[in-house]
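Only heavy atoms go into these numbers, but all of them, side chains included; no hydrogens, no water, no symmetry mates. Remember, it's a predicted structure, so these values are computed and weren't measured experimentally.
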Amino acid sequence: MVSSTECPVCGVTASQACTRCKMVRYCDREHQKQHWPQHKRRCRPFSEEQDAVLGRYLKATQEIAAGQIVFIEEPLVVGPKWYHSDADNEAPIVPCVGCCTPCRLGKHQCRRCCWPVCSAGCEHESMECSVLSLGTGSPTRRQSPTKWLALLEMQSHEDERRGTELHEEAEKRVVSYLQNRFLCRLKQTNPSLLHDCEPEMLHRLCGIIETNFMVIELPTGLELSGLFRQACMMEHACQPNCDFQFDNKTQQVAVRAGCDLRKGDHLRITYTNILWGTQLRQHHLRLTKHFSCRCSRCLDPTEYGTYISAMACLGDVNQTCGGTHLAVDPLDENTQWKCDTCPILVDGAYVAELQSHMTKQVEGLLAGCPSANQVELLLARLTHVLHSNHFHTFNLKHTLIQLYGNEAGLESCVLSNNQLIRKLRLCDELYNVCRRLDPYSIKLAIYVTVILIEVAHTLEEQARRAPAEATSLLGLAQTRLREAHMVLEKEQESVVGKKLNEKLQKEIFECEKLILTLAYNQDH
């Protein structure tokens, strides 16, 4: 529904609505172009709303089709990756302080402050350089007061952070570092630089970054952190309805509808790993975002029937009932776990200890280059205590389907018929979990694409062995690859997505070649 029937340029009753927001009408394209500089800031199919529980959030003001770009936004600020792993700290490649492109430590340095830059000619913001060099530059005023105010409007969770590990880490890694290395010394040389640089403000800024930053992945694999005024308003859901991509050159974020959105729908992304179980997701959100999620998935002990957090019955091993242990209250990390078949109740602390132990086992194995046999052995051990769809078994199975058919000595041509059938069954189990958790492949496009490629690869091998069924098997393989092509469109710009697309195109070519060869042989 449009808000006015009159052209804002000439005042004449008009019928041509802005195709993007549908909120303004024009009498012709020339007047639309003429009005664009004034209209573009309000040309958007959503509104900013405020709620006592949610805080600020975004709501669709009209129907938005799946795949449609909802908005494109410039970052308020972009900087190096906020959280560093041990590998990150030891890496010789760091972001250039001028343009954030990767540069090798010690190769090029800024002439004034001696911090790493990508080339001798690369320059960075003068105020920053003045601080880093401890020089006497004259940063007389803030260069972006509007951005600064927008930044300070963001949620920082200062009260919740105080006394936590995150607060202590920020004190050690950021606040004390800046105070001791730069700010205390600058008080003597240039006090005007220190406006709004007291420890309280630094901690507030740390909280704003921790709560709101978005990871920007560069084609090189290097990761940056960016803050965006509107994109950071999108609320969390464990089953999101929006997706986003970053422009590698400008770091702009483009937010798209992951599915068809209706007027009034909230724009939702996920702040955590969609393949984690509820307890792990809740812990992560409470630790880093300072809230508990109450979405429909979190409230459902079965998580849409996937049982991705569920345990096998944890009763007497000599009298197992074959049931499933589920959290009585999924939102309570100390909740008891109850079997759905027998009366056995288990304390949450015991389940958490089991989960922690298994996490170490799974992550330790997958961190290397495990063989199919090693994955099978761990999977067999874990199935005694985990549901077959548990997120740990999911990761092991997803690894396994890629090893069967590709590992040396386990190529598709040497797998037994039973092994091919089992691989297809595993793929089907994984695919069904992905579809229940993320029906539009907003976050699991890579996982789903891998599954579909492996299904097609296996069907092609079955077609080679069963000429009588080859036509139907290859047709099904082709259908799966077409689906994979559609799913992967969401990840075309990511580093992993580009590599996987190369593999997908080869699989599509091989499948079409097999189909053409089969048709030729049947005709002759």
Side-chain angles (χ1 to χ4, degrees), residues 66-67 243 245 256 258-260 274-275 372 394-408 410-523:
D243 188 18
Q245 285 185 339
R256 299 175 305 181
C259 57
D260 290 339
I274 201 171
L275 282 175
F394 180 98
N395 285 331
L396 291 173
K397 290 177 180 179
H398 200 266
T399 301
L400 199 58
I401 63 170
Q402 297 172 77
L403 292 174
Y404 280 126
N406 298 289
E407 182 181 317
L410 290 175
E411 295 85 354
S412 294
C413 60
V414 301
L415 294 178
S416 68
N417 289 334
N418 286 336
Q419 286 176 313
L420 292 177
I421 293 172
R422 179 167 181 264
K423 178 176 176 178
L424 286 176
R425 179 172 56 79
L426 291 176
C427 288
D428 190 51
E429 291 174 1
L430 296 171
Y431 180 84
N432 288 334
V433 170
C434 290
R435 279 294 178 232
R436 286 175 180 267
L437 294 181
D438 188 18
Y440 304 103
S441 296
I442 294 173
K443 297 302 294 182
L444 297 180
I446 296 295
Y447 283 88
V448 173
T449 300
V450 169
I451 294 167
L452 293 172
I453 289 175
E454 294 303 329
V455 168
H457 200 63
T458 307
L459 291 171
E460 290 167 8
E461 180 57 33
Q462 288 184 326
R464 292 187 184 95
R465 301 183 187 188
E469 302 175 26
T471 300
S472 61
L473 289 170
L474 290 177
L476 184 55
Q478 188 177 50
T479 299
R480 290 303 201 184
L481 291 173
R482 287 172 178 169
E483 182 183 353
H485 178 73
M486 294 177 61
V487 168
L488 195 58
E489 286 182 352
K490 295 181 174 67
E491 293 286 347
Q492 287 289 349
E493 298 303 316
S494 70
V495 176
V496 177
K498 288 179 179 179
K499 291 182 179 179
L500 188 56
N501 187 54
E502 293 178 3
K503 180 177 181 180
L504 175 60
Q505 296 309 314
K506 291 179 181 178
E507 290 293 338
I508 292 174
F509 176 77
E510 289 299 322
C511 184
E512 291 177 347
K513 187 169 70 172
L514 286 172
I515 292 173
L516 290 173
T517 301
L518 177 64
Y520 177 83
N521 291 337
Q522 289 175 341
D523 291 340

> Salt bridge or not between R256 and D243? Use side-chain N to carboxylate O under 4.0 Å.
yes
> Hey, mind stepping through E489 and H485 against side-chain contact (heavy atoms from CB on, under 4.5 Å) and telling me if it holds?
CA-CA 7 Å; E489 286 182 352; H485 178 73; 4.2 Å; yes
> Between S441 and V448, which heavy-atom pair has the shortest distance, and what is it?
OG-CG2, 3.9 Å
> May I ask you to test the I515-Q478 pair for a side-chain heavy-atom distance under 4.5 Å?
yes
> Do L474 and L459 come within less than 4.5 Å of each other through their side chains, counting heavy atoms only?
no
> How about I451 and C434: do any of their side-chain heavy atoms sit closer than 4.5 Å?
yes
> What closest approach, in Å, do A372 and E407 show between heavy atoms, and which atom pair accounts for it?
N-OE1, 2.8 Å
> For F394, look at atom CZ and say whether over 12 heavy atoms of other residues, nucleotides or ligands are found less than 6.0 Å away.
yes
> I'd like to check L504 versus I508 (side-chain heavy atoms, cut-off strictly below 4.5 Å). Are they in contact?
yes
> Does the side chain of K503 reach to within under 4.5 Å of the side chain of K506, using non-hydrogen atoms?
no
> Minimum heavy-atom separation for A66 and D260, please, with both atom names.
N-OD1, 2.8 Å
> Name the residue from R422, K397, R436 that meets the salt bridge (charged side-chain N to carboxylate O under 4.0 Å, His left out) definition with E429.
K397
> How many angstroms lie between atom CG of L420 and atom CD of E460, to the nearest 0.5 angstrom?
12.0 Å
> Do T458 and Y404 touch side chain to side chain, with heavy atoms closer than 4.5 Å?
no
> Are N501 and E491 close enough that some pair of their side-chain heavy atoms sits under 4.5 Å apart?
no
> Let me confirm one number: the CG-CG distance from N395 to L400, rounded to the nearest 0.5 Å.
12.5 Å
> Which pairs pass side-chain hydrogen bond (donor to acceptor under 3.5 Å, both in side chains) with one or both residues in residues 463-475, sequence neighbours excluded?
N417-R465, E461-R464, E461-R465, T471-Q522
> Taking all non-hydrogen atoms of both residues, which atom of A463 and which atom of A470 are closest, and how far apart?
O-CB, 3.7 Å
> Find out whether L488 and L500 are in side-chain contact, i.e. whether some heavy atom of one side chain is under 4.5 Å from a heavy atom of the other.
yes
> Quick check: are there more than 12 heavy atoms from other residues, nucleotides or ligands sitting under 6.0 Å from NZ of K499?
no
> Enter the distance from R425:CZ to N418:CG here, rounded to the nearest 0.5 Å.
10.5 Å
> If you apply the rule side-chain contact (heavy atoms from CB on, under 4.5 Å), what do you find for L424 with Q462, and how did you get there?
CA-CA 11 Å; L424 286 176; Q462 288 184 326; 3.4 Å; yes
> Walk me through whether L410 and L403 qualify under side-chain contact (heavy atoms from CB on, under 4.5 Å).
CA-CA 8 Å; L410 290 175; L403 292 174; 5.7 Å; no
> What's the spacing between I442 CD1 and L437 CG if we round to 0.5 Å?
12.5 Å
> CG of N432 to SG of C427: how many Å apart, nearest 0.5 Å?
11.0 Å
> Does either side chain, that of Y431 or that of E483, offer a donor lying less than 3.5 Å from an acceptor on the other one?
yes
> Between L481 and L452, is the side-chain contact (heavy atoms from CB on, under 4.5 Å) condition met? List the steps.
CA-CA 6 Å; L481 291 173; L452 293 172; over 6 Å; no
> Looking only at heavy atoms, what is the nearest atom pair of Y440 and G258, with distance?
CB-O, 3.5 Å
> Among Q402, H398, K423, whose side-chain hydrogen bond (donor to acceptor under 3.5 Å, both in side chains) with E454 holds?
K423
> Quick one: CD on E510 to OG1 on T517, what's the gap to the nearest 0.5 Å?
9.5 Å
